[in-house]
Novice: 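Before I ask anything, here is the structure I am working with.
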Protein chains: 2
Amino acid sequence: MQRVTIAQVAERAGVSTATVSRVLSRRGQVSAAVERKVRRAADDLGYQVNVIARALRNSRTDTVGMVVPSITNPFFTSLVESVEHALGKEGKELFLCDARSDPRIEARRLASLAARNVDGIIVSPSHGVDSRPAVQQTAERLPLVQLDRFVDDTTTDWVGVDDVAAMRQVMDHLHDGGARSAAFIGSLMTHSSTEQRFAGFRRRAEELNIEVKPDQVLLGDYSVEWGEAAVARLIAEGGLPDALVCADDLIALGATRACRAHGFAVPRQVQVTGYDDIEFSRLAEPALTTVHQPRDRIAAEAVRLLAAASLAKDAERGPHAHISLVPTLVVRDSTRAAQAPPDRI
Amino acid sequence: MQRVTIAQVAERAGVSTATVSRVLSRRGQVSAAVERKVRRAADDLGYQVNVIARALRNSRTDTVGMVVPSITNPFFTSLVESVEHALGKEGKELFLCDARSDPRIEARRLASLAARNVDGIIVSPSHGVDSRPAVQQTAERLPLVQLDRFVDDTTTDWVGVDDVAAMRQVMDHLHDGGARSAAFIGSLMTHSSTEQRFAGFRRRAEELNIEVKPDQVLLGDYSVEWGEAAVARLIAEGGLPDALVCADDLIALGATRACRAHGFAVPRQVQVTGYDDIEFSRLAEPALTTVHQPRDRIAAEAVRLLAAASLAKDAERGPHAHISLVPTLVVRDSTRAAQAPPDRI
DNA sequence: AACTCGACTGTAATCGATTGCATTGAGGTG
DNA sequence: CACCTCAATGCAATCGATTACAGTCGAGTT
């Protein structure tokens, strides 16, 4: 495998390896005649650089590593896709790892990426606390950007959305639809996303005077199954509130399904909202009202930050950027259209 | 970045780099005392092997490359997950690439993986014909296994399911539910999956005397949108048959949705089947009857073949294996339960 | 006592591409 | 004509880990 080396090209072209390298990486001066000879030889032999050797010499791999909690979560999948496209434009490639929501596996992946000399790492940490040591340590060695989720007390770059602003929109919309009580179904508070979204939820609920019973804040994980289980529990323990605010679409999909299974009409009797706007939220019955994250924008910012950090080198790592983009509410059929608005003079 | 090298560990431990290497890679004999010193020094310094350097020397990277047509297709996502787990057991990592269903991008990815000295490649080709040159060429350089889809006239290993057997089950089930006519909605015939599934569909339809109008075989792509569009076209051009057999779940999800949108009850008026058993097929309304692919098994076989091929080296590449596993029909609510069976003496 | 054997350890070559430095030679200048 | 400049090119070191080969040393043999 990988038989043709620069030395063989050099021999065939009758020049030194240095010259071949100069031609192929367009660095340094080479006469037109020699350049033609070299290119010809390279083509004839089907030469291809050995990225490994180049990486060893340059300590640059033109590869970025990405670690996500779960590759089967459609939100992360499409985020990955966006990142890949953004990187493609810079001629970089993506090395993708799945942490299976386990901080230990995550730590191993991060170490492995670092050992592979990736130029930078994009990570959405699995856990707000337990992921911290590995993330912090990795960030000390190479450029690192956190995406969507982040670890506590972090000092790295971060790109995501303004969850609080998003929840404000969600709550206002539910309120317009007549909701006067609501439950929150999320994953654990150790996920920054759930934590932030819950904070936004709680604050706006208070402002709008929407009732939130303490035992109607249910925390599990980001999965359809948990959405179903949470609703079953709510029903068993005293019934559903006017609205179910879910921390992501998977949960909301499960919740909606469970509501219907138990004979509650959505959105007539219970309104349900999700978060992320994954493709299937559109297909559910009823189609899910949710928060759309500007994935391409998020990805582009992350790639930009990474590039900037690579240039700055270890030298003067400037202050770290926290970029939060404003997401938009996508109203579909799992919530009610605005009621006749209250009198306004 | 990556500051600590084996030389520094050697110096600190007062031995040669060779000894350090021997300790750390557990090869060769080293006295217990020296081993302890070396490990201590390595720990103190936080040494981590430079995988790049090792790869250059060994021309082994313990990394496998995988190329899929689309990372946002849930079927491929879960296949990727299965492959990752299977590789993890062998201490190998996965380098994932998205070909965006474009054979040219696919070719570039394959070349890039080869240049990175991956130990092997798992690919699900985007196109039955156009993907062929790149796949073939790559297979000549290193171990390669095709998964699920394959290119024409291929001489590489392949692992997938027996589409014909699966379609037989599907058609029998639809027939039991009373279907006497059916349409087929797939992607292009240049995708081996659609081609095989269609072949199985057509053969069993004939045997069961299920009518298939020539203009009711619709080919587009693997997407929800295409499923919706195809049904719209069927309705516009003369109405729906008794059953819609879709080449994958995304299409089936779209088809179901379109049926309902146009006022056709599923499964009462039209039965719909999918293929792949992605997670959301369970959540659709009605839950989708589909074909479950044994993903873990497929992944495990692929990894096994790759390992075997690596051992055989270029020497005597034995004959290539085509492993087809038998999938199982998952009956849910988008098809009808069996009618009273016809008299059987 | 001389020799063999094997366990340990070190020296240096190697993987393939890149690049600082040296060299060559053509063209220009006084 | 001696001397200088600069583009073009080659030589050889380098990135970091691995490993063939060789050397050392103590124990066991004869």
Side-chain angles (χ1 to χ4, degrees), chain A residues 1-39 41-42 45-63 111-112 114-119 141-142, chain B residues 1-39 41-42 45-63 111-112 114-119 141-142:
Chain A
M1 343 254 168
Q2 179 75 34
R3 283 181 215 73
V4 192
T5 75
I6 203 173
Q8 294 167 42
V9 176
E11 186 180 357
R12 185 175 237 263
V15 299
S16 74
T17 62
T19 302
V20 175
S21 174
R22 277 190 274 257
V23 170
L24 266 27
S25 53
R26 335 177 171 289
R27 253 183 282 272
Q29 330 257 19
V30 179
S31 70
V34 170
E35 166 154 4
R36 232 174 301 120
K37 268 198 306 186
V38 171
R39 287 202 185 287
L45 267 46
Y47 172 78
Q48 250 196 298
V49 288
N50 180 328
V51 180
I52 299 286
R54 168 182 289 171
L56 176 59
R57 177 61 218 232
N58 291 347
S59 55
R60 274 202 356 174
T61 50
D62 286 324
T63 303
S112 156
R116 280 178 152 67
N117 282 13
V118 293
D119 297 344
R141 302 183 140 276
L142 39 79
Chain B
M1 344 254 168
Q2 179 74 34
R3 283 182 213 75
V4 193
T5 74
I6 204 173
Q8 293 167 44
V9 176
E11 185 179 357
R12 185 175 238 264
V15 299
S16 73
T17 61
T19 303
V20 175
S21 174
R22 279 190 273 256
V23 170
L24 267 27
S25 54
R26 332 175 175 289
R27 254 183 281 271
Q29 330 259 19
V30 179
S31 70
V34 171
E35 166 153 6
R36 233 173 301 119
K37 270 198 303 184
V38 171
R39 287 202 185 286
L45 268 46
Y47 172 80
Q48 251 195 295
V49 287
N50 179 327
V51 179
I52 299 287
R54 169 183 288 172
L56 176 60
R57 176 62 216 233
N58 291 349
S59 54
R60 271 202 358 173
T61 50
D62 286 325
T63 302
S112 155
R116 270 163 216 278
N117 283 14
V118 293
D119 297 344
R141 300 183 141 276
L142 40 79

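Residue numbering restarts at 1 for every chain, and letters A, B, ... go by the order of the sequence lines.
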Novice: So B/V20, base contact, sugar-phosphate only, or nothing? Heavy-atom distance under 4.0 Å.
Specialist: nothing
Novice: To the nearest Å, give me how far apart CZ (B/R116) and P (C/dC15) are.
Specialist: 22 Å
Novice: Pick base, sugar-phosphate or nothing for B/S21, based on heavy-atom distances below 4.0 Å to the nucleic acid.
Specialist: base
Novice: In this structure, how many angstroms lie between the P atom of D/dT9 and the CD1 atom of A/I6, rounded?
Specialist: 15 Å
Novice: Between B/S21 (side chain only) and B/T17 (backbone N and O only), is there a donor and an acceptor less than 3.5 Å apart?
Specialist: no
Novice: Hey, is the side chain of A/R54 pairing donor to acceptor with the base of C/dT18 inside 3.5 Å?
Specialist: no
Novice: Is atom CD of A/E35 surrounded by more than 12 heavy atoms (other residues, nucleotides or ligands) closer than 6.0 Å?
Specialist: yes
Novice: 5'-most contact on DNA chain C: A/I52 or B/T17, nearest heavy atom basis?
Specialist: B/T17
Novice: How long is the line joining CG of A/N58 and P of D/dA13, in whole Å?
Specialist: 19 Å
Novice: Let me know, please, whether B/G14 or A/R57 comes out on the 5' side of the other along DNA chain C by nearest nucleotide.
Specialist: B/G14
Novice: Under a 3.5 Å threshold, yes or no: a donor from one side chain and an acceptor from the other, between B/S25 and B/R54?
Specialist: no
Novice: Can you tell me if B/Q8 has over 12 outside heavy atoms packed within less than 6.0 Å of its CD?
Specialist: yes
Novice: Is there a donor and acceptor pair closer than 3.5 Å between the side chain of A/R22 and the base of D/dG10?
Specialist: yes
Novice: Figure out the CG/C1' separation between A/L56 and D/dA13, and round it to whole Å.
Specialist: 13 Å
